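A short worksheet on the structure shown next.
Computed from a predicted structure; not experimentally measured. Residues take their numbers from the sequence shown, with the count starting at 1.
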Amino acid sequence: LLFGVLLLGGCASTPVFETQDVALDLTPAQALQKSSGAVGERVVWGGTILDIRNLQDVTQLEVLGFPLSDSFRPQTAAAPLGRFLIRQRGFLEPQDYAQGRKLTVLGKLEEVSHGRIGEADYEYPVVEAEKLQLWPERDNKTRFYFGFGLRL
């Protein structure tokens with residue numbers, strides 16, 4: 001019994017996202033096509049962080065969106081779904097929310113923000129975050145150790 005408790009205690013649990021009243025099929029690109037028709041929709045989107053800016057009262061994250069797995073983790077091997085911005089009240093540590101980190105957000109579409117990528121104009125759907133999940137960085141090595149003793 002103790003072994004089972006220890007084994008289960010070492011497993012990371014999957015985050016829970018409440019998906020009632022959430023537009024699960026709406027992508028960032030589709031939100032832009034709907035423009036003001038998408039404002040107010042609740043979404044669960046995820047992707048990789050491209051940029052972070054701490055502003056007066058909020059932190060703004062620029063994210064390249066990807067499809068989500070059944071556990072809501074971004075699937076970065078798939079084709080990107082477009083860029084979007086996340087606005088989270090308060091301060092987020094740039095070291096933690098660094099470029100390339102994966103995250104998932106549950107929130108409400110607030111507006112379309114206009115920006116630039118290099119010389120090109122770009123429109124971003126903006127999500128006001130209700131819940132953020134920053135995914136742990138994974139390496140490609142799975143490590144399981146069973147037994148007792150010393151490792152030298």
Side-chain angles (χ1 to χ4, degrees), residues 1-35 37-55 57-113 115 117 122-147 151:
L1 180 61
L2 179 59
F3 177 73
V5 170
L6 291 174
L7 185 61
L8 289 175
C11 297
S13 63
T14 302
V16 176
F17 286 92
E18 179 57 51
T19 58
Q20 186 175 356
D21 300 324
V22 172
L24 292 174
D25 294 332
L26 186 64
T27 67
Q30 292 168 340
L32 288 175
Q33 290 172 353
K34 288 176 106 177
S35 190
V39 170
E41 293 275 1
R42 291 181 73 224
V43 296
V44 176
W45 288 347
T48 58
I49 299 171
L50 299 174
D51 190 32
I52 181 170
R53 293 180 60 210
N54 280 296
L55 305 172
D57 297 321
V58 299
T59 300
Q60 180 172 283
L61 299 163
E62 180 181 348
V63 178
L64 179 59
F66 287 95
L68 301 177
S69 70
D70 291 341
S71 62
F72 298 102
R73 186 181 181 97
Q75 301 298 295
T76 55
L81 301 174
R83 295 177 184 220
F84 61 96
L85 299 176
I86 298 171
R87 293 201 180 129
Q88 170 69 46
R89 291 191 189 281
F91 177 86
L92 294 177
E93 175 56 55
Q95 185 71 22
D96 295 333
Y97 289 82
Q99 185 177 17
R101 291 290 305 267
K102 294 178 186 177
L103 62 71
T104 302
V105 63
L106 166 67
K108 190 183 333 181
L109 289 173
E110 292 295 318
E111 63 182 350
V112 173
S113 180
I117 301 174
Y122 198 85
E123 293 183 317
Y124 299 87
V126 179
V127 179
E128 183 73 29
E130 297 172 25
K131 179 177 183 174
L132 273 180
Q133 170 66 43
L134 185 63
W135 295 94
E137 296 181 85
R138 287 185 178 171
D139 59 14
N140 291 329
K141 299 176 187 173
T142 303
R143 296 182 181 109
F144 290 100
Y145 298 104
F146 294 99
R151 285 187 6 177

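Here the CD1-CG distance, from Ile52 to Asp96, works out to 8.5 Å after rounding to the nearest 0.5 Å. Separating the CZ atom in Arg73 from the CG atom in Leu103 is a distance of 11.0 Å, to the nearest 0.5 Å. Expressed to the nearest 0.5 Å, how far CG of Leu32 lies from OG1 of Thr27 amounts to 8.5 Å. Distance CG/Asp70 to CD/Gln75: 9.0 Å, rounded to 0.5 Å. Atom CG of Leu85 and atom CD of Glu111 lie 8.5 Å apart (nearest 0.5 Å).
With sequence neighbours excluded, the residues that form a side-chain hydrogen bond (donor to acceptor under 3.5 Å, both in side chains) with Asn54 are Thr59. In this view, Glu110 satisfies the salt bridge (charged side-chain N to carboxylate O under 4.0 Å, His left out) rule with no residue, not counting sequence neighbours. With sequence neighbours excluded, no residue forms a side-chain hydrogen bond (donor to acceptor under 3.5 Å, both in side chains) with Thr48. Listed by chain and number, the residues in a side-chain hydrogen bond (donor to acceptor under 3.5 Å, both in side chains) with Ser69 are Ser71 (sequence neighbours excluded).
In this structure, Glu41 contributes its side chain and Ala38 its backbone to no donor-acceptor pair below 3.5 Å. Arg101 places a side-chain N or O within 3.5 Å of a backbone atom of Trp135 that can act as its donor or acceptor partner. With hydrogens and angles disregarded, no donor-acceptor distance shorter than 3.5 Å links the side chain of Thr19 to the backbone of Val22.
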Determine, stepwise, if the pair Val105 / Val63 fulfils side-chain contact (heavy atoms from CB on, under 4.5 Å). CA-CA 10 Å; Val105 63; Val63 178; over 6 Å; no
Gln60 vs Leu55, test: side-chain contact (heavy atoms from CB on, under 4.5 Å). Steps then yes/no. CA-CA 7 Å; Gln60 180 172 283; Leu55 305 172; 4.2 Å; yes
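Here the shortest heavy-atom pairing between Phe84 and Pro28 reads CD2-CG, 3.7 Å. Nearest heavy atom pair, residue Pro74 against residue Gly46, reads CG-C, 3.9 Å. Across every non-hydrogen atom of Ala31 and Leu26, the tightest pair is N-CD1, 3.8 Å.
Residues in residues 20-29 take part in no salt bridge (Lys or Arg N to Asp or Glu O under 4.0 Å) pair, two or more places apart or across chains.
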Let me check something: any side-chain donor-acceptor pairs from residues 123-132 under 3.5 Å, sequence neighbours excluded? List them with distances.
unit_1	atom_1	unit_2	atom_2	d
Glu123	OE2	His114	ND1	3.4
Tyr124	OH	Glu62	OE2	3.2
Glu130	OE1	Arg42	NH2	2.8
Glu130	OE2	Arg42	NE	3.1
Lys131	NZ	Val16	O	2.2

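The closest side-chain heavy-atom distance from Gln133 to Phe72 is not below 4.5 Å. Residues Leu109 and Trp45 have side chains in contact (heavy-atom distance under 4.5 Å, counting atoms from C-beta outward). Side chains of Ile49 and Leu134 form a contact here, defined as non-hydrogen atoms less than 4.5 Å apart.
For Gln95, the CD atom counts as loosely surrounded, since its 6.0 Å shell holds 12 or fewer non-hydrogen atoms of other residues, nucleotides or ligands.
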